[in-house]
Amino acid sequence: MFDVLIFGGGVSGMSCALVLGSAYKKAFVQDKKIGIITHQKTSNLQEAIFYNAYGIPAGKLGSELLTESTENLQNLYPHIEQIENEKVMKISGEYPAFTVTTNRNSYHTKIIVVAIGYTNTFDIEGLNQYIEPHKKAIVEKQRIQLKNEDHKVAEGIYVVGTLAGWRSQLAIAAGSGAAVATDILTLWNNGISSQSHDSIKK
């Protein structure tokens with residue numbers, strides 16, 4: 001049983017995983033099992049190059065970021081389980097006992113974070129009922145989002161990045177994933193507002 005399982009290894013999903021991973025020293029996180037299904041084939045980063053993203057060297061390829069992010073997550077926070085080469089097909093159950101079925105396996109988790117892109121090819125049984133037209137994308141592109149309130153789709157289900165209704169910008173997607181990570185940390189901390197910072201003073 002995962003405490004949280006993230007769908008997608010793009011910007012928002014990896015950002016969420018990194019923040020959750022960095023909180024491992026907190027007492028209320030130490031017993032938590034965190035996983036991420038690092039599906040990246042449809043990520044917009046595959047064709048991206050960056051000149052306007054804070055903290056990223058000019059000319060950095062998105063494809064490089066995809067590879068480096070999974071490596072960094074493994075090196076920094078190896079306690080987070082990375083599940084490769086699987087695609088989510090279906091979710092069932094309800095909080096705190098979801099079953100997630102991929103093209104290869106099935107998993108049990110208390111919380112789900114959906115970090116998949118906003119193309120209209122989205123098709124996960126158990127989530128399709130939440131699909132609506134994207135509110136900030138050009139209509140002709142037929143982008144979608146999942147109905148949500150401050151990233152929360154339903155009890156135990158969060159959505160991040162473009163699928164949450166945000167515009168396709170790296171900094172926005174990263175912030176969306178990080179925001180949900182802090183919401184989950186706050187939930188684990190009995191509702192006391194929580195985040196995870198690193199400091200050279202520590």
Side-chain angles (χ1 to χ4, degrees), residues 1-21 32-46 66 69-70 73-74 77 79-135 137 141-166 168 173-174 176-181 183-185 187-188:
M1 171 69 79
F2 286 100
D3 288 279
V4 59
L5 185 58
I6 302 165
F7 304 171
V11 176
S12 58
M14 293 304 296
S15 179
C16 184
L18 285 164
V19 173
L20 290 175
K32 298 297 187 287
K33 184 176 180 181
I34 303 164
I36 179 169
I37 297 173
T38 56
H39 190 272
Q40 297 179 326
K41 285 185 179 180
T42 57
S43 172
N44 288 336
L45 287 188
Q46 296 288 4
L66 286 171
S69 63
T70 54
L73 184 64
Q74 176 60 40
Y77 312 117
H79 62 286
I80 293 185
E81 183 175 339
Q82 294 192 43
I83 302 167
E84 301 178 349
N85 303 316
E86 293 189 32
K87 182 179 180 181
V88 177
M89 310 299 289
K90 175 183 177 181
I91 71 162
S92 57
E94 58 186 26
Y95 177 79
F98 294 103
T99 298
V100 176
T101 304
T102 73
N103 57 326
R104 296 187 178 186
N105 295 294
S106 64
Y107 304 93
H108 301 286
T109 185
K110 296 177 182 176
I111 295 173
I112 289 168
V113 178
V114 187
I116 299 170
Y118 64 161
T119 61
N120 61 7
T121 56
F122 180 95
D123 185 17
I124 297 177
E125 186 179 340
L127 291 177
N128 287 333
Q129 68 269 32
Y130 299 111
I131 292 174
E132 65 181 4
H134 199 283
K135 295 178 181 178
K141 291 191 174 183
Q142 297 182 321
R143 304 301 191 189
I144 62 158
Q145 64 180 58
L146 297 187
K147 296 176 184 177
N148 71 93
E149 185 173 338
D150 191 20
H151 295 105
K152 192 171 184 179
V153 176
E155 196 65 32
I157 303 176
Y158 297 86
V159 61
V160 295
T162 54
L163 195 61
W166 298 109
S168 179
S176 173
V180 166
D183 287 343
I184 292 170
L185 292 177
L187 178 68
W188 289 346

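- Taking the side chain as every heavy atom from C-beta outward, I83 and I36 never approach each other to under 4.5 Å.
- No more than 12 heavy atoms of other residues, nucleotides or ligands lie within 6.0 Å of CD in E94, so this atom counts as exposed by the packing criterion.
- Here the closest heavy-atom approach between residue A17 and residue I80 is recorded as O-CD1, 3.2 Å.
- For residues 86-128, the pairs satisfying ring-ring contact (aromatic ring centres under 6.0 Å, His included) are Y118-H134, with sequence neighbours left out.
- In this structure the side chain of V180 never reaches within 4.5 angstrom of the side chain of V19, judged on heavy atoms.
- Heavy atoms only, all atoms of each residue included: A181 and C16 are closest at CB-O, 3.6 Å.
- Under the rule for a salt bridge (Lys or Arg N to Asp or Glu O under 4.0 Å), E84 has no partner lying at least two apart in sequence or in another chain.
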(message) side chain to side chain contact (heavy atoms under 4.5 Å, CB included), that's the test. Do I111 and L5 meet it? Break it down for me.
(response) CA-CA 6 Å; I111 295 173; L5 185 58; over 6 Å; no

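- Judged purely by atom type and a 3.5 angstrom limit, Q82 uses its side chain to pair as donor or acceptor with the backbone of T70.
- Minimum heavy-atom separation, G9 to M14: O-CG, 3.2 Å.
- In this structure, N148 contributes its side chain and L146 its backbone to a donor-acceptor pair below 3.5 Å.
- Taking CD of E81 as the start and CG of L73 as the end, the distance is 11.5 Å to the nearest 0.5 Å.
- One finds the NZ atom of K141 at 8.0 Å from the OG atom of S168 (value rounded to the nearest 0.5 Å).
- The distance from the CG atom of L127 to the NZ atom of K147 is 13.0 Å, given to the nearest 0.5 Å.
- At least one donor-acceptor pair closer than 3.5 Å links the side chain of Q145 to the backbone N or O of K135.
- Counting heavy atoms of neighbouring residues, nucleotides and ligands inside a 6.0 Å radius, atom CH2 of W166 does not exceed 12 of them.
- By the 4.5 Å heavy-atom criterion applied to side chains, Y158 and V153 are not counted as neighbours.
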(request) For V114 and Y130, run side chain to side chain contact (heavy atoms under 4.5 Å, CB included): C-alpha distance rounded to whole Å, both residues' side-chain angles, the deciding distance at 0.1 Å, then the answer. (result) CA-CA 12 Å; V114 187; Y130 299 111; over 6 Å; no

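- With I34 as the partner, the side-chain contact (heavy atoms from CB on, under 4.5 Å) test is satisfied by one option alone out of T109, I184, V4, V113: V4.
- Judged by distance alone, the side chain of N120 and the main-chain N or O of R143 form no donor-acceptor pair under 3.5 Å.
- Scanning both residues, I116 and T162, for their nearest heavy atoms gives O-OG1, 4.4 Å.
- Two residues are said to be in side-chain contact when any heavy atoms from C-beta on lie closer than 4.5 Å; T99 and T101 meet this criterion.
- Looking at heavy atoms from C-beta onward, V11 lies in side-chain contact with L45 at the 4.5 angstrom threshold.
- The existence of a salt bridge linking K110 and D3 is confirmed by a sub-4.0 Å separation between a basic side-chain nitrogen and an acidic carboxylate oxygen.
- Side-chain contact between N103 and E86: present, with at least one pair of heavy atoms (C-beta onward) separated by less than 4.5 Å.
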(request) Output, in order, the C-alpha distance, side-chain angles, deciding distance and verdict of side chain to side chain contact (heavy atoms under 4.5 Å, CB included) for W188 and K32. (result) CA-CA 9 Å; W188 289 346; K32 298 297 187 287; 3.6 Å; yes

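- Open room surrounds CD on E149; 12 or fewer heavy atoms of other groups in view lie less than 6.0 Å from it.
- For the pair I157 and I91, the minimum side-chain heavy-atom distance is below 4.5 Å.
- Taking each heavy atom of A115 and I6 in turn, the nearest pair found is CB-CG2, 4.3 Å.
- Here side-chain hydrogen bond (donor to acceptor under 3.5 Å, both in side chains) pairs that include residues 11-21, with residues two or more places apart or in two chains, number zero.
- For the residue pair T102 and I37, the shortest heavy atom distance occurs at CG2-CD1, 4.0 Å.
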